[in-house]
2 protein chains.
Amino acid sequence: MRILGVDPGLTRCGLGVIEAGASRSVALVEVVVATSEPGDEVPRRLAVIASALEAVLDKHRPEAIAIERVFAQLNVRTVMGTAQVSGIVMLAAERRGIPVALYTPSEVKAAITGSGRAAKPQVGQMVRRLLGEGVPSGPADAADALAIAICHAWRGAVAGARAEEGIATPAQARWADAERAARRTRSKPPVP
Amino acid sequence: MRILGVDPGLTRCGLGVIEAGASRSVALVEVVVATSEPGDEVPRRLAVIASALEAVLDKHRPEAIAIERVFAQLNVRTVMGTAQVSGIVMLAAERRGIPVALYTPSEVKAAITGSGRAAKPQVGQMVRRLLGEGVPSGPADAADALAIAICHAWRGAVAGARAEEGIATPAQARWADAERAARRTRSKPPVP
């Protein structure tokens, strides 16, 4: 399954495409960081980012788009630009019939490193370990976009499997995990 | 000059078109409030608002678009939706070569009522007084969108006239106003 991960931003917007296969396998397809000039007017800047996005969509035809969810606790100007770009990505996805998933930064970190509070460089290291040396080692936007795509590949797969079991919420999932653990304990052969 | 004023929002987005003429004359062309279902996914909702916007742009071909500037001090979810819609409006404007202007809520209030702290109903009353009974008296979104368009007509005209005088900043404008006032005082005939 081809997945586009988007780290939305007005100055730098990471666009990472991966191919996700069975058993959590992931492979790098392409990653680009679209940039716009901070000195330009916002409408112009949005159009530059939108054109880069559409070029990636045309070239790689992803079956799913995963976007980092925006929060408002940061710098107001930055958040507004990020929200504007994420709106443009969602609209482009909808118009092409591509499903969109949103993940918080800590969901992405937890999926990639096992810890929602992992440092940024650790996420980049894991992404390079998973996808190889094709991942640029420069600014984090490229690795972040790929991390979002991998997060969707893995969480989406888990969510799909759980949905088949009829497990919908995180609480239900924890309950099911606990039940499975209890079954394993119970079925263990008695210690002689 | 045909102006589209936009009160951006994901649940309700006001789109007000006016024709602005000489001597601050303004006339209602059309006003619509685009709505989306709060229960739907955000990409779907953005597409609904974008289609309504594009229908207005196709029908009325405005020469300028004025948008209310978004701030982050309100509810986070609301602000994100508003920023996403404003991004989509700016992108549509840029792609059609229509210039965009942004105004804060208090700039709009001050332009319409003379006070940046005017109450919302007062803005609606002034808009109806200026544009007539074609302005819906229901929810404020319609009147707000028209107020933004009128604000652009008047502030834009003032800014244009001042630019011709070589006056660029508000401080320069205040200085010029003070100079004119002084000239008027000086040229007054002496009291007998």
Side-chain angles (χ1 to χ4, degrees), chain A residues 4 6 8-11 13 34 36-37 40-54 57 62-104 152, chain B residues 4 6 8-11 13 34 36-37 40-54 57 62-104 152:
Chain A
L4 168 63
V6 181
L10 192 51
T11 302
C13 180
S36 78
E37 281 299 323
D40 285 353
E41 298 283 326
V42 174
R44 179 89 218 97
R45 299 178 69 189
L46 291 170
V48 169
I49 301 290
S51 297
L53 166 73
E54 283 159 11
L57 294 176
E63 292 148 80
I65 299 182
I67 311 175
E68 188 161 292
R69 197 183 283 279
V70 185
F71 285 104
Q73 62 263 41
L74 307 159
N75 174 288
V76 173
R77 266 187 85 93
T78 310
V79 167
M80 291 298 113
T82 305
Q84 285 161 350
V85 169
S86 78
I88 281 164
V89 176
M90 283 192 249
L91 177 61
E94 177 71 18
R95 291 200 156 163
R96 288 165 187 247
I98 308 169
V100 170
L102 296 165
Y103 298 100
T104 65
H152 183 66
Chain B
L4 168 63
V6 182
L10 193 52
T11 303
C13 180
S36 77
E37 282 298 324
D40 286 352
E41 297 282 327
V42 174
R44 179 89 218 97
R45 299 178 69 188
L46 291 170
V48 169
I49 300 292
S51 297
L53 166 74
E54 283 158 11
L57 294 177
E63 293 147 81
I65 299 182
I67 311 175
E68 188 161 291
R69 198 184 281 279
V70 184
F71 284 104
Q73 63 263 40
L74 308 159
N75 173 288
V76 173
R77 266 186 86 94
T78 309
V79 168
M80 291 299 113
T82 306
Q84 286 160 351
V85 169
S86 78
I88 281 165
V89 175
M90 282 192 250
L91 178 61
E94 177 71 19
R95 291 200 157 163
R96 288 166 189 246
I98 308 168
V100 171
L102 297 165
Y103 298 101
T104 65
H152 183 66

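Every chain is numbered from 1, with letters handed out A, B, ... down the list of sequences. Keep in mind that what you see is a predicted model, and the values were worked out from it rather than measured. Atom set for the values below is all heavy atoms of this structure, side chains included, hydrogens, waters and symmetry mates excluded.
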Enquirer: Using only heavy-atom distances, determine whether the side chains of Thr11(A) and Arg45(A) contain a donor-acceptor pair under 3.5 Å.
Expert: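 On atom types as modelled, these side chains qualify, holding a pair under 3.5 Å.
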Enquirer: For Glu54(B), is the CD atom crowded, meaning more than 12 foreign heavy atoms sit under 6.0 Å from it?
Expert: yes
Enquirer: Only pairs of heavy atoms separated by less than 4.5 Å count here; which of Ala47(B), Ala83(B), Ala93(B), Pro99(B) has the most with chain A?
Expert: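 Option with the top pair count is Ala83(B).
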Enquirer: Side chain, backbone, both or neither: which part of Arg95(A) has a non-hydrogen atom closer than 4.5 Å to chain B?
Expert: side chain
Enquirer: To the nearest 0.5 Å, what is the distance between CD1 on Ile67(A) and CG on Leu102(A)?
Expert: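 The CG atom of Leu102(A) is 5.5 Å from CD1 of Ile67(A), to the nearest 0.5 Å.
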Enquirer: Using non-hydrogen atoms and a 4.5 Å limit, figure out which bit of Ala50(B) sits close to chain A: side chain, backbone, both or neither.
Expert: both
Enquirer: Does Glu63(A) have more than 12 heavy atoms from other residues, nucleotides or ligands lying within 6.0 Å of its CD?
Expert: yes
